[in-house]
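What you see below is based on every heavy atom in this structure, not just the backbone, and it leaves out hydrogens, waters and symmetry mates.
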Amino acid sequence: MKNLIFTITCLLLIAGCSKNEPAKPPTPSMERPIPVHIATMDEWTSALSSAYIESQTKDKGDGVTEFMAAFGTKENKNFSIAFGERDGFRKLRIYKAGMPMNIGTSVKTYVSVPDGKKPILFIAPYYWGRSWLFMKKLSIMVDGNVIFEHDFELNTSYRRTEGVGVAESYDLVATEQDIDALRKIHPESKVLVRISGDKGYVNLIGKNKRHEIDAIEEFQRDIVSAIVIYDEISKAIEGHIPPNGTPNPPKSLK
């Protein structure tokens, strides 16, 4: 009997203690979730505009606005100027590094930014000659090492007669891996650029007695500038891209 009374007393004491225990804090699953910020188009546009200083803006009256875009400052080694274009119908902006006009065989670069999306770096080889090259590959060598090789998609280069010769052009979308490789190009680098085709190949030509324009130096300068533009825009819009802001890039946005 004494053992029974002792057991009942212990149980009553334990019950009393458990009633006085403080309430347990809510588990994480019970806490109210922190709302996630969703970027808007206005926010994206404002962030993009902060990447550069716009000047010489001209409305062409057909849905296209042209302007100059200055990235960075002159005291900054990353200072770069681009020819800008905003096409309201196609809902995109294009920033062309260097002179956009093709004069002879060359390789141009430009950055395209569809509305609300991330920038895309394009590399655009252009061939001009007296006969067709049927170009299908672009290769870039830097200081003796091939850092970039791209085959063109079958029969997708644009061919036409131009002046007294023929012209071929193509637009390559540079991947992040490509861009990292192209960062090896510096003003002091030794660069060779080759465009290959079914009828052989041509290399970009430096300035000499027959050629007043140094196509190698122009490409070298332009690719450095294009990467600056790409980086400055990427940095400015980071965290401000609306939903579905990662693009599936088309073959060309020019």
Side-chain angles (χ1 to χ4, degrees), residues 80-85 94-112 120-175 177-179 181-230 249-254:
S80 181
I81 295 178
F83 292 88
E85 180 179 293
I94 296 174
Y95 304 85
K96 299 176 183 178
M99 293 298 295
M101 181 181 295
N102 286 307
I103 302 176
T105 299
S106 59
V107 178
K108 299 294 184 180
T109 55
Y110 64 97
V111 177
S112 184
I120 307 164
L121 178 63
F122 279 89
I123 302 174
Y126 170 85
Y127 163 76
W128 186 91
R130 296 304 178 102
S131 59
W132 299 110
L133 177 64
F134 296 107
M135 65 179 189
K136 61 181 183 181
K137 184 177 183 178
L138 175 67
S139 305
I140 301 170
M141 179 183 289
V142 178
D143 297 328
N145 297 311
V146 176
I147 66 162
F148 181 97
E149 279 189 304
H150 258 292
D151 293 317
F152 306 164
E153 293 183 21
L154 185 63
N155 298 322
T156 53
S157 59
Y158 176 48
R159 306 185 184 99
R160 68 272 188 194
T161 58
E162 197 167 277
V164 295
V166 296
E168 303 177 31
S169 59
Y170 191 81
D171 294 87
L172 284 167
V173 175
T175 65
Q177 184 177 359
D178 293 331
I179 295 170
L182 292 168
R183 293 182 192 279
K184 297 177 182 178
I185 298 177
H186 302 285
E188 64 276 9
S189 302
K190 181 181 179 182
V191 179
L192 297 175
V193 182
R194 173 174 292 184
I195 303 172
S196 306
D198 291 338
K199 300 296 182 179
Y201 66 83
V202 295
N203 280 21
L204 295 195
I205 300 174
K207 187 176 182 180
N208 56 38
K209 292 181 180 179
R210 294 183 58 189
H211 297 86
E212 295 183 359
I213 296 176
D214 191 328
I216 290 287
E217 183 180 304
E218 186 179 64
F219 166 76
Q220 199 164 337
R221 183 178 59 248
D222 291 355
I223 194 66
V224 171
S225 180
I227 291 177
V228 168
I229 295 167
Y230 177 86
K251 297 171 184 176
S252 173
L253 286 171
K254 287 195 298 184

Restricting to side chain to side chain donor-acceptor pair (under 3.5 Å), what partner residues turn up for D198, sequence neighbours left out?
K136

Show the nearest heavy-atom pair for residues W128 and A167, with the distance to one decimal.
CD1-CB, 4.3 Å

Around atom CD of E188, are there more than 12 heavy atoms of other residues, nucleotides or ligands at under 6.0 Å?
yes

Partners meeting salt bridge (Lys or Arg N to Asp or Glu O under 4.0 Å) with R194 (sequence neighbours left out):
none

Y95: partners by side chain to side chain donor-acceptor pair (under 3.5 Å), with sequence neighbours left out:
Y52

Those residues that, when tested against R160, pass salt bridge (Lys or Arg N to Asp or Glu O under 4.0 Å) (two or more places apart)
E162

Side chains of D171 and Y110: donor-acceptor distance under 3.5 Å anywhere?
yes

side-chain contact (heavy atoms from CB on, under 4.5 Å) evaluation trace for I147 with I185
CA-CA 10 Å; I147 66 162; I185 298 177; 4.2 Å; yes

Any heavy-atom pair between the side chains of V173 and F122 that's under 4.5 Å?
yes

Give every residue pair that meets the side chain to side chain donor-acceptor pair (under 3.5 Å) criterion with at least one member in residues 218-229, sequence neighbours excluded.
S80-S225, K108-E218

Among I216, I123, I140, I223, find the one that has a side-chain contact (heavy atoms from CB on, under 4.5 Å) with V107.
I123

Evaluate side-chain contact (heavy atoms from CB on, under 4.5 Å) for L172 paired with F152, printing each intermediate quantity in order.
CA-CA 8 Å; L172 284 167; F152 306 164; 4.0 Å; yes

Taking only residues two or more places apart in sequence, or in another chain, which ones meet K184 in a salt bridge (Lys or Arg N to Asp or Glu O under 4.0 Å)?
none

Might you point out which heavy atoms bring A215 and T105 nearest each other, and give the distance in Å?
CB-O, 3.9 Å

Step by step, work out the side-chain contact (heavy atoms from CB on, under 4.5 Å) result for H150 and D178.
CA-CA 10 Å; H150 258 292; D178 293 331; 2.8 Å; yes

